[in-house]
Amino acid sequence: MSTIDGFFIDWDGNARSVSDPGGGYLCETDKVAKYVAITTKTGTLVHEGTFYKTMEDIAKAGIKAAFVPGSHPWGTKQDGF
């Protein structure tokens with residue numbers, strides 16, 4: 001896998017890259033606080049998550065999450081998306 005700045009878990013339980021969250025969203029990360037804010041391009045907060053440096057760190061936290069690329073859609077039709 002190429003260089004990625006870290007990961008977070010989206011609202012569907014998938015692991016996403018903070019450098020390519022998809023859905024037209026942007027990530028603001030605080031690596032020291034281990035915090036990720038996912039916002040729209042206009043700055044509206046849509047999701048908050050924990051910052052993980054590696055996929056192994058996610059597994060060590062006891063979270064089973066598959067990595068999805070930014071092209072993977074957020075939400076489902078039943079969620080209103």
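It should be emphasised that the depicted structure is a prediction, and the values quoted were computed from it without experimental measurement.
The minimum heavy-atom distance between W11 and V46, with the atom names listed, is CZ3-O, 3.7 Å. Across A61 and Y52, no two heavy atoms sit closer than the pair CB-CE2, 4.0 Å.
The distance from atom OG1 of T50 to atom CD1 of I9, rounded to the nearest 0.5 Å, is 8.5 Å. Distance check, rounded to the nearest 0.5 Å: NE2 of H47 to OG1 of T39 gives 12.5 Å. Interatomic distance, Y25 OH to L45 CG, rounded to the nearest 0.5 Å: 11.0 Å.
Counting heavy atoms from C-beta outward, I38 and W74 have side chains that approach closer than 4.5 Å.
At distances below 3.5 Å, not a single donor-acceptor pair connects side-chain atoms of R16 with backbone N or O atoms of F8. Side chain of D12 to main chain of N14: no donor-acceptor pair is present (N/O by atom type, distance under 3.5 Å, no hydrogens or angles).
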Side-chain atoms of residues 26-36: list all donor-acceptor pairs with protein atoms under 3.5 Å, sequence neighbours left out, distances to 0.1 Å.
from, atom 1, to, atom 2, distance (Å)
D30, OD1, V32, N, 3.2
D30, OD1, A33, N, 3.0
Y35, OH, E48, OE2, 2.6

